[in-house]
Amino acid sequence: MDARWPHAFPVALIIGAVALANALYLSGTVDPNPLYQQSGLATRLQPGWLPGLDTIDPNAGFNSQALGRRAVLEWLRGRVPWWNAYEGIGAPLAGGMNSAALFPLVALMGFPSGQVTFFAVLETVAGIATYLLLLRLSVSRAPALAGGIAFALNGTFAWFRYVASNPIAFLPLLLLGVERACEAADRERRSGFGLVAVALALSLYAGFPETAFLDGLLAVTWVIARAASLRGASRTRFLAKVAGGGVTGVLLAAPIVVPFLDYLVYADIGGHTGAFANVHLQTEALPMLLLPYVYGPIFGFTAYDRTSTLTSVWSNVGGYLTTSVATLALIGMLGRRLRPLRVGLVLWIAVALGKTYGITAATLLLNLVPGVSVTAFYRYVWLSLTMAVVVLASLGFEDIVIAVAVGLAALVTAAFRIGAIPELARLVGAPHRHAWALASTAWAGALVVAVGTAALLLRGGLRTALITSLVMLDATTLLIVPELSAPRAATLDVAPVTFLRSHVGTSRFYTLGPIQPNYGSYFGIASINVNDTPIPRAWSSYIVDKLDPGAVPLIFTGTRPQDPRTRPAAAEAFLEHLVSYQEVAVKYVVAPAGFTFPPVSESLRLVFSDAVATIFELPHPRPYFEASVGECTLEPAGRERVRTSCPRAFTLVRRELFMPGWKAFADGETLRVEKGGELFQAVEIPAGTHVVRYRYVPPYFGAMLLAFASGVLVLVFAEARHRRTLAAL
């Protein structure tokens, strides 16, 4: 290997492993485009080779794809994507976080297959960063490579292909920054916190603060463990560097953190007010920790489970561990080198698993940590849990003990007996259910035996090479399984979209099925439906009070999966509250093909019908712009510009959600935007002819830019000082 490029071959192997694991997606053999499965516009869908789905969360479509594309389209219009006019009656876009609007890689969402490339890039970055982190811990190259690939192809990436996965790549980068700070402190260097700052900022820009926060808890555990290995002034310097990196990272992330925190003041955040504090995975989920497909493909057999237990398991679990890595991690627990770090990682794994599976002591302990009780810990802790296991596993290459492999085999067997067997017995009629369970157990057992045998019988490079290959094979195989459930082909019927684009204007539509939320944002047609967290609290209250008392505001989809009547229930609510729908400028209602309303709804006029959707026009939708006096003339030019002509002063109502940050301009002057009624914006317009323009900028914009600039200056200054120090040496 060329000494100038010492990491070229391992990095190429990581890239190759990611490409191989995603080959079915990258080659177009199967197409995981969420448009086919979530938009409600697919026709002639050819399912994958396996039943079920390729991801456990439909937010791959509703959030990552739909809102991510909206952010890209706003950038292409030359506008920072602060606001989304196409969701509900308007809502912050960047501040809502789920669009990852300010994350550089979101640009890939503008391409038809951009989501596949997006996650392949994240997996690659995660793998390379983990490899470099392990090298920094003095792990030899082959174990570091195995750890990098294992983390690049981890269970969260395999099952989550939406915004919750975005911060994954930056956890190893953050820990690498901590290690650099530790080394700099020990050697009395002035630098050492820049990578901490950059990694933390990227984790926040990536768009899912819940994952970033739980990753941060592992980072704090890591810092405490590494501080324990230092003495005196070195420890103080280390903690100061990490703290400086943390503060600088938050400053760098101010353009996303400030809008997010401001939005929370006005937002409905659902169960994130503390309802998740004591929620955990049920016993049936335990086997999936090491046997991810013991119950078959993702959601593949849920239709056969009359108790809906399996549906609940798939809906709440957040990842898995490969048995090869888990075996090595158990071995890694016993080593002496870096003992404080190993102890810290073991403690984190223990309490994280304890809270995830409902161990009272672990739950009580972690709920004492500020912020933990408002997170869905059981679902989003898997990333930090996997990182801890991967690091221990890489260290475990150094300390082989065969007894631990036997212990893991016993654990797999016990978990299978406790959770899987009773659940399998309920899946009466599910095809090959026992074959999946047997294959999962056999695969896990074979990997445990193979790793243990290699550890016991082989020595040196041969042992390392074989174990590395087993880890790579394990991670790659398990990640490929969901791809086999992705559609092989599909056709989209965009005729309903074309109709609405031509006719809706500045009005809105409501859907009872086709063009699911948030695909109005994707296509650029305003839909009052939402499937998002957070959403504006004012809009949440209006949904329940004025539109559909039976709806869950955060998933205001026009359907009710929990209601056996489903669409009829939502349709009845629509008819009962028709005036309120028209009040928020709804002009059309979109229903499934062939859908008809009862005779009492004769005021609804059928205007479009095809094989996917039926569209009805409402009789009296209120206009998006409305004057308080009748003799005024309004000529809208989009949603943010209107020409007014009136012989006297009047109030201009704009049916867009009122939130602090909106400003209006006319004749070079700034007009005060006030709240008009319970939801909308109102501006006092003087007599005469004026062109009124609207613009939304998050509150505290000036302070936000100042904070960001300060973070940049700190980084530049630190880098310059570091270079001077190196030159002096």
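Numbers here simply count residues along the sequence, with the first being 1. Basis for what follows: all heavy atoms, side chains included, without hydrogens, waters or symmetry-related copies.
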| query | Arg501 and Phe523: side chain to side chain contact (heavy atoms under 4.5 Å, CB included), yes or no, with the steps? | reply | CA-CA 8 Å; Arg501 278 177 169 168; Phe523 291 113; 3.9 Å; yes
| Residues Leu366, Phe377; criterion side chain to side chain contact (heavy atoms under 4.5 Å, CB included); working and verdict | CA-CA 10 Å; Leu366 279 172; Phe377 187 93; 3.5 Å; yes
| request: Before giving the answer on ring-ring contact (aromatic ring centres under 6.0 Å, His included), spell out for Phe680 and Phe658 the whole-Å C-alpha distance, their side-chain angles and the decisive distance to 0.1 Å. | output: CA-CA 5 Å; Phe680 301 126; Phe658 171 83; over 10 Å; no
| request: Could you give me the CA-CA distance, side-chain angles and deciding distance for Glu617 and Arg605, then say whether side chain to side chain contact (heavy atoms under 4.5 Å, CB included) is met? | output: CA-CA 5 Å; Glu617 184 175 3; Arg605 185 169 65 93; 2.4 Å; yes
| request: Determine, stepwise, if the pair Asn529 / Thr511 fulfils side chain to side chain donor-acceptor pair (under 3.5 Å). | output: CA-CA 7 Å; Asn529 300 81; Thr511 183; 5.3 Å; no
| Chi angles and distances behind the ring-ring contact (aromatic ring centres under 6.0 Å, His included) call for Tyr263, Phe260 | CA-CA 5 Å; Tyr263 187 10; Phe260 172 65; 8.0 Å; no
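Side-chain contact check for Leu500 versus Val590: some heavy-atom pair is nearer than 4.5 Å. Looking at Asp215 and Leu383, their side chains come closer than 4.5 Å, going by heavy atoms from C-beta outward. Side chains of Phe160 and Ile56 form a contact here, defined as non-hydrogen atoms less than 4.5 Å apart. Proximity of Val196 to Leu174: side-chain heavy atoms (C-beta onward) are separated by under 4.5 Å at one or more points.
Between Arg655 and Glu583 there is a salt bridge, since a side-chain N of the basic residue sits under 4.0 Å from a carboxylate O of the acidic one. We find that Arg648 and Glu631 are joined by a salt bridge, their nearest charged nitrogen and carboxylate oxygen being less than 4.0 Å apart. Taking a cutoff of 4.0 Å between a charged side-chain nitrogen and a carboxylate oxygen, Asp57 and Arg379 qualify as a salt bridge. Look at Lys546 and Glu678 and you find a salt bridge, because one of the NZ, NE, NH1 or NH2 atoms lies within 4.0 Å of a carboxylate O, short of that distance.
The aromatic rings of Phe595 and Phe597 sit perpendicular to each other, their planes meeting at more than 60°, with 30° as the lower class boundary. The aromatic rings of Trp662 and Tyr694 sit perpendicular, their planes meeting at an angle over 60°, well past the 30° parallel limit. The aromatic rings of Tyr510 and Tyr581 sit tilted relative to each other, their planes meeting at an angle between 30° and 60°.
Partner of Pro698 under the side-chain contact (heavy atoms from CB on, under 4.5 Å) criterion, out of Pro259, Pro660, Pro255: Pro259 alone. For the pairing with Glu640, the salt bridge (Lys or Arg N to Asp or Glu O under 4.0 Å) check across Lys663, Arg695, Arg79 returns one residue only, Arg79.
Remark: Ser99 OG to Glu87 CD distance equals 9.5 Å, nearest 0.5 Å. Here the OG atom belonging to Ser502 is positioned 10.0 Å from the CD1 atom belonging to Ile525, to the nearest 0.5 angstrom.
No donor-acceptor contact under 3.5 angstrom links the side chains of His577 and Asp548, judged on distance only.
Sparse packing is recorded around CD of Glu669, with 12 or fewer heavy atoms of other residues, nucleotides or ligands lying under 6.0 Å away. More than 12 heavy-atom neighbours from other residues, nucleotides or ligands sit within 6.0 angstrom of CZ on Phe665.
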